[in-house]
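What follows is a set of notes on a single structure, which appears directly below.
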Amino acid sequence: QVQLAESGGGLVQAGGSLRLSCAASGRTFSFYAMGWFRQAPGKEREFVAAISAAGRSTFTADSVKGRFTISRDNAKNTLYLQMNSLEPEDTAVYSCAARQGTAAATMGRQYDYWGQGTQVTVSA
């Protein structure tokens, strides 16, 4: 089993930046593909970005492409999401997820373990 803990959320003005981290513990981190998802109040959970187990391939949602970058450090058992040029529409709870498999995936149901989430609020 894998335990995931997000950090780095907060309140930021539009145009600002944040970097989210997701610390993993338990099973070998490098065996798992990882993803970031977000959920805004009253909306369904939305895919943000995903990365393969080795970090060689990534997928990014069109809504954040060019602004958000997913990365991982397998030596530190940590997943990252660098968020630049933030917009009020990016306000949501951001959660990281792990899936038992090496390939990145874009659907929430493909993931096996989830963190509690971290709140990101972008003011206009």
Side-chain angles (χ1 to χ4, degrees):
Q1 198 168 10
V2 175
Q3 291 79 42
L4 303 172
E6 302 92 341
S7 62
L11 173 64
V12 63
Q13 288 188 332
S17 298
L18 283 174
R19 187 175 82 155
L20 304 184
S21 298
C22 172
S25 60
R27 295 285 184 90
T28 304
F29 180 64
S30 61
F31 288 175
Y32 294 83
M34 301 293 295
W36 286 100
F37 292 80
R38 67 186 183 184
Q39 187 165 20
K43 294 187 177 181
E44 294 188 353
R45 185 174 59 198
E46 175 188 19
F47 166 75
V48 177
I51 189 167
S52 63
R56 294 193 182 99
S57 65
T58 62
F59 296 97
T60 308
D62 288 343
S63 59
V64 304
K65 196 166 292 183
R67 301 188 297 121
F68 291 13
T69 302
I70 189 171
S71 63
R72 65 190 296 163
D73 186 337
N74 285 349
K76 295 183 178 179
N77 292 347
T78 305
L79 173 74
Y80 303 100
L81 184 68
Q82 177 66 44
M83 305 187 295
N84 299 327
S85 302
L86 282 161
E87 304 169 352
E89 293 74 22
D90 296 318
T91 295
V93 174
Y94 285 71
S95 298
C96 62
R99 66 184 301 264
Q100 298 184 53
T102 57
T106 62
M107 301 180 69
R109 60 179 174 83
Q110 295 175 289
Y111 287 81
D112 303 291
Y113 306 102
W114 293 82
Q116 296 282 2
T118 185
Q119 176 70 47
V120 171
T121 302
V122 184
S123 62

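Note that these values count all heavy atoms, side chains included, but never hydrogens, waters or copies made by symmetry. Counting from 1, the numbers follow the sequence of the chain as shown.
Listed by first and then second residue, the ring-ring contact (aromatic ring centres under 6.0 Å, His included) pairs involving residues 8-36 amount to none (not counting sequence neighbours).
Ile70 is not connected to Val93 by any chain of hydrophobic side-chain contacts under 4.5 Å among Ile, Leu, Val, Met, Phe, Trp and Tyr, and they are in different clusters. The same ILVMFWY cluster, assembled from side-chain heavy atoms under 4.5 Å apart, contains both Leu20 and Leu86. When the side chains of ILVMFWY residues are joined at heavy-atom separations under 4.5 Å, either directly or via intervening members, Val120 and Phe37 end up in two distinct hydrophobic clusters. The hydrophobic cluster containing Met83 also contains Ile51, counting ILVMFWY residues as joined when their side-chain heavy atoms lie under 4.5 angstrom apart, directly or transitively.
Residues Ala50 and Ala105 share a closest heavy-atom pair of CB-O, 3.2 Å. Residues Ser95 and Gly115 come closest through the heavy atom pair OG-O, 4.2 Å.
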Take Ser63 and Glu46 through the test side-chain contact (heavy atoms from CB on, under 4.5 Å) and record every step on the way to the result. CA-CA 10 Å; Ser63 59; Glu46 175 188 19; 3.4 Å; yes
From CA spacing to verdict: side-chain contact (heavy atoms from CB on, under 4.5 Å), Gln100, Val2: CA-CA 10 Å; Gln100 298 184 53; Val2 175; over 6 Å; no
Check step by step if side-chain contact (heavy atoms from CB on, under 4.5 Å) holds for Thr102 and Ser52. CA-CA 6 Å; Thr102 57; Ser52 63; 5.9 Å; no
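Using modelled atom types, one side-chain atom of Thr91 and one backbone atom of Val122 make a donor-acceptor pair closer than 3.5 Å. Side chain of Glu6 to main chain of Gln116: a donor-acceptor pair is present (N/O by atom type, distance under 3.5 Å, no hydrogens or angles). Side chain of Arg67 to backbone of Ser85: a donor-acceptor contact under 3.5 angstrom is found. Between the side chain of Asn74 and the main chain of Ala53, a donor-acceptor pair closer than 3.5 Å is present.
Applying the under-4.5 Å side-chain rule to Ile, Leu, Val, Met, Phe, Trp and Tyr, the cluster around Tyr80 consists of that residue alone. Side-chain heavy-atom separations under 4.5 angstrom define the hydrophobic clusters, and Met107 shares its cluster with no other residue.
Checked against a 6.0 Å centroid threshold, the rings of Phe59 and Phe47 do not count as neighbours.
Note that CZ of Arg45 and CZ of Arg109 are 11.0 Å apart. Values are rounded to the nearest 0.5 Å. Atom CG of Asn77 sits about 10.5 Å away from atom SG of Cys22, to the nearest 0.5 Å. Distance OG/Ser71 to CG/Leu81: 8.5 Å, rounded to 0.5 Å. Here Met34 contributes atom CE and Thr78 contributes atom OG1; the two are 9.5 Å apart, rounded to the nearest 0.5 Å. Put simply, SG on Cys96 and CG on Leu4 are 4.5 Å apart, with the number rounded to the nearest 0.5 Å. Remark: Arg72 CZ to Ser21 OG distance equals 13.5 Å, nearest 0.5 Å.
Ring geometry, Phe68 versus Tyr94: the interplanar angle falls from 30° to 60°, so the pair is classed tilted.
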